Amino acid sequence: TNSMETFEKNVIMIDAFDLLNDQDLTLVSIGSGKINNKIKTPYIHLGSLNDDYSISLVYSAADLSLVPSKEDNSPNTIVESFACGCPVVAFKIGGIPELIFSEDFGVTVSDYNKKDYAFAISKALDTRYSRDLIRKFIISEFSYSVVAKRYLKIFNSMINS
């Protein structure tokens, strides 16, 4: 992600949070990109987490995972979030609608703007998700054995044709 896109994602997410006016929210981020903009919502940056266990604890503790990308194909953050049973709010771009194809897994937003993103976050916060259903879906579709079998099937079809 380039720095301009990171800045733009931060702005749309912060502006969306500022529209929510919910005192019970805390925004937590991980990774190298700390949000430096002013934000009304309490904010904690955990920095870069280098082990799967720590990352899974963060996703498991979260009510929602926010993916405010303007351009993306199929972000690993969504798969990681689902693996921990955490629903996602993201824009309807690239391969994201193929991951969040049901409201059982989160909310997708069609228009890239703060008002629609804030509405989607609010809607997701008001929804009771089955964390177990989310986790089972991602394991059934993205576990190593499932993906390996799909690759083998493609490889064998190429060899046989």
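The structure presented is a predicted model; accordingly, all values stated were derived computationally and were not measured.
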Criterion side chain to side chain contact (heavy atoms under 4.5 Å, CB included) on Ile134 and Asp104, from CA distance to verdict: CA-CA 7 Å; Ile134 294 169; Asp104 291 332; 5.9 Å; no
Donor-acceptor pairs under 3.5 Å, side chain of residues 83-90 to any protein atom, not counting sequence neighbours: which ones?
none

May I ask you to test the [X]-[Y] pair for a side-chain heavy-atom distance under 4.5 Å?
X      : Y      : value
Ile44  : Leu27  : no
Arg131 : Lys136 : no
Asp72  : Pro75  : yes
Ser69  : Phe91  : no

How long is the span from the [atom1] atom in [X] to the [atom2] atom in [Y], to the nearest 0.5 Å?
X      : Y      : atom1 : atom2 : answer
Tyr53  : Ser60  : OH    : OG    : 9.0 Å
Ser145 : Ile139 : OG    : CD1   : 10.0 Å
Glu80  : Ile138 : CD    : CD1   : 10.5 Å
Asp63  : Ile121 : CG    : CD1   : 12.0 Å
Ile30  : Asn50  : CD1   : CG    : 10.5 Å
Ile14  : Ile35  : CD1   : CD1   : 4.5 Å

Tell me whether the count of non-hydrogen atoms from other residues, nucleotides or ligands lying under 6.0 Å of [atom1] in [X] goes above 12.
X      : atom1 : value
Asp52  : CG    : no
Phe119 : CZ    : no
Glu103 : CD    : no

Please say yes or no: joined through hydrophobic side-chain contacts below 4.5 Å, possibly via intermediate residues, are [X] and [Y] part of one cluster?
X     : Y      : result
Leu49 : Val28  : yes
Phe17 : Val107 : yes
Leu20 : Ile39  : yes
Leu25 : Val67  : yes
Leu64 : Val58  : no

Main-chain N/O of Pro68 paired with Tyr112 side-chain donor or acceptor, under 3.5 Å: yes
Ser81 (side chain) donor-acceptor with Thr77 (main chain) under 3.5 angstrom: no
Pairwise ring pair (Phe, Tyr, Trp, His ring centres under 6.0 Å) hits with a residue in residues 58-89, at least two apart: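 Sorted result for residues 58-89: Phe82-Phe105.
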Evaluation steps, side chain to side chain contact (heavy atoms under 4.5 Å, CB included), between Met13 and Leu66: CA-CA 8 Å; Met13 187 172 53; Leu66 303 178; 3.9 Å; yes
Least distance between heavy atoms, Asn113 atom then Asp116 atom: OD1-N, 2.7 Å
Minimum-distance pair of heavy atoms, taken over all atoms of Lys114 and Asp15: CD-CB, 3.4 Å
Flag for Asn160-Ser157: side-chain donor and acceptor within less than 3.5 Å: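 No pair is found: no donor N or O on one side chain lies under 3.5 Å from an acceptor on the other.
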Phe137 and Phe101 aromatic ring geometry - parallel, tilted or perpendicular at 30°/60° bounds: perpendicular
Carboxylate-amine/guanidinium contact Lys92 Glu98, below 4.0 Å: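 Salt bridge: no.
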